[in-house]
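Worksheet for the structure shown next.
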Amino acid sequence: MFLLQMLNLLAPLYFLCLLAVTLSLQLFLFLPDMCDERSDSVPFSGLLHGCFFLFLLVNTLGNYVLVIWNSPGVGGLSAEVELPDKSVCRLCARVLWDQEHHCFFTGTCISRSNLRSFVLFCLHSCLSCFHALVMGVGFISSNFSLSFCDPLTFLRLLPLSITRFFSGSLLSSHMLVVLMLYLWFTVGLACAAFCGHQLLRISMGPTCYQPQTAEHNVMTWTENLQKVFGKQWLLAILMPQSKPQTCPP
């Protein structure tokens with residue numbers, strides 16, 4: 001239990017540090033590298049990348065806050081209170097109506113009250129990582145004179161960068177970008193897997209540990225998705241917002 005509590009504290013710090021490093025590299029390395037050296041102006045592609053990154057940043061942070069803000073069981077019953085057919089998270093000491101799992105990166109449980117925000121958080125985190133990966137690849141290509149047309153270049157980049165770094169021919173900031181490329185790739189795949197897994201579970205039926213009922217069996221996958229994301233799902237993708245909650249029966 002102690003290790004789980006430590007993980008529950010360190011995982012959000014890890015996410016915030018990753019976000020801070022990504023923001024710093026985008027603002028102080030990637031975007032300035034796209035500027036015209038002669039006119040010091042940002043080209044249209046740089047403005048486009050900057051606006052897209054800002055959009056992803058706002059949605060990632062916004063949905064992250066909404067996941068925590070709408071965490072289940074706030075002001076509810078203690079975990080010591082035994083309720084029939086109800087799930088209990090011993091780590092958060094909360095009785096949950098619709099628990100799916102505990103997310104260590106947000107430090108809270110995922111239920112129907114914050115499930116939509118969690119899925120959108122995973123989606124925008126995935127897009128942010130892959131966008132930063134593309135920007136980092138462009139930065140490395142222009143500064144290292146490398147071509148990523150060969151897929152093996154990505155595998156040879158790390159040992160080559162380590163050799164150059166310890167020989168003194170590679171800047172620390174460039175070495176950080178190389179390390180972050182692999183981290184963005186890994187975290188992006190993990191977020192995509194989480195998002196796809198949750199969408200699959202939502203489309204298949206109830207999002208909690210409940211026995212299947214006749215009402216749930218007749219619902220189609222589109223109705224299951226609409227039950228979680230609501231009718232304004234497109235607006236929720238474009239802008240973080242809370243879903244109106246209904247009291248459990």
Side-chain angles (χ1 to χ4, degrees), residues 3 6-7 9-64 103-107 121-196:
L3 294 178
M6 289 298 298
L7 182 61
L9 292 175
L10 295 178
L13 293 178
Y14 170 80
F15 165 74
L16 294 177
C17 289
L18 176 62
L19 186 63
V21 173
T22 303
L23 177 62
S24 301
L25 291 177
Q26 290 272 13
L27 293 180
F28 300 111
L29 279 183
F30 298 162
L31 293 178
D33 187 67
M34 301 179 67
C35 296
D36 190 352
E37 297 180 356
R38 292 170 296 181
S39 60
D40 292 333
S41 61
V42 181
F44 177 75
S45 59
L47 292 175
L48 188 63
H49 280 290
C51 293
F52 187 61
F53 172 72
L54 182 62
F55 164 77
L56 294 176
L57 178 65
V58 170
N59 279 276
T60 300
L61 279 177
N63 285 291
Y64 183 81
C103 177
F104 290 99
F105 288 99
T106 59
F121 163 70
C122 292
L123 173 63
H124 289 103
S125 297
C126 172
L127 295 177
S128 299
C129 287
F130 285 118
H131 175 259
L133 178 64
V134 172
M135 296 286 288
V137 166
F139 178 83
I140 293 297
S141 299
S142 61
N143 288 273
F144 283 29
S145 299
L146 289 177
S147 175
F148 283 85
C149 296
D150 184 5
L152 295 179
T153 303
F154 190 75
L155 300 178
R156 295 194 296 259
L157 179 61
L158 183 59
L160 176 63
S161 301
I162 293 177
T163 303
R164 290 186 177 182
F165 177 74
F166 284 104
S167 65
S169 60
L170 184 64
L171 297 176
S172 301
S173 58
H174 292 180
M175 186 64 202
L176 176 61
V177 173
V178 172
L179 295 176
M180 291 300 296
L181 289 181
Y182 294 91
L183 187 57
W184 286 326
F185 181 74
T186 304
V187 175
L189 288 181
C191 291
F194 272 116
C195 183

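Note: hydrogens, waters and symmetry copies are ignored here, and every other heavy atom, side chains too, is used.
Minimum heavy-atom separation, Leu18 to Thr22: O-OG1, 2.8 Å. Nearest heavy atoms, Pro159 versus Leu155: CD-O, 3.5 Å. Nearest heavy atom pair, residue Gly188 against residue Cys126, reads O-SG, 3.5 Å.
Side-chain contact between Thr106 and Cys103 is present, with heavy atoms from C-beta onward closer than 4.5 Å. Side-chain contact between Leu19 and Tyr64 is absent, with no heavy-atom pair separated by less than 4.5 Å. Residues Leu170 and Thr163 fail the side-chain proximity criterion, which asks for heavy atoms closer than 4.5 Å. Within the 4.5 Å cutoff, no side-chain heavy atoms of Leu133 are placed close to those of Met180.
Atom-to-atom distance recorded for Leu176:CG and Ser161:OG is 11.5 Å, nearest 0.5 angstrom. Considering CD1 of Ile140 and OG of Ser145, their distance stands at 11.0 Å, rounded to 0.5 Å. Interatomic distance, Asp33 CG to Gln26 CD, rounded to the nearest 0.5 Å: 11.5 Å. With rounding to the nearest 0.5 Å, the separation of CG in Leu157 from CG in Leu152 is 12.5 Å. Note that CG of Leu29 is 8.5 Å distant from CG of Asn143, once rounded to the nearest 0.5 Å. The CZ atom of Phe148 sits 4.5 Å away from the OG atom of Ser141 when rounded to the nearest 0.5 Å.
The backbone N or O of Asn59 sits less than 3.5 Å from a side-chain atom of Asn63, completing a donor-acceptor pair. No donor-acceptor distance shorter than 3.5 angstrom exists from the side chain of Ser125 to the backbone of Cys191, with no hydrogens or angles considered. Judged by distance alone, the side chain of Thr60 and the main-chain N or O of Leu57 form no donor-acceptor pair under 3.5 Å.
Within 6.0 Å of the CZ atom in Phe105, the count of heavy atoms belonging to other residues, nucleotides or ligands does not exceed 12. Under a cut-off of 6.0 angstrom, the local environment of CZ in Phe55 is crowded, with over 12 non-hydrogen atoms contributed by other residues, nucleotides or ligands.
Ring-plane geometry between Phe30 and Trp184 is classed as perpendicular, the angle between the planes exceeding 60 degrees on a 0 to 90 degree scale with a lower cut at 30. Note on ring orientation: taking the six-membered ring where Trp is involved, the planes of His131 and His49 are tilted (angle from 30° to 60°). Using cut-offs of 30° and 60° on the angle between ring planes, the pair Tyr182 and Phe154 is tilted.
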### Task
For the pair His174 and Phe165, evaluate ring pair (Phe, Tyr, Trp, His ring centres under 6.0 Å) and give the outcome as yes or no after the intermediate values.
CA-CA 9 Å; His174 292 180; Phe165 177 74; over 10 Å; no
### Task
Test ring pair (Phe, Tyr, Trp, His ring centres under 6.0 Å) on Phe15 and Phe104 and set out the steps.
CA-CA 10 Å; Phe15 165 74; Phe104 290 99; over 10 Å; no
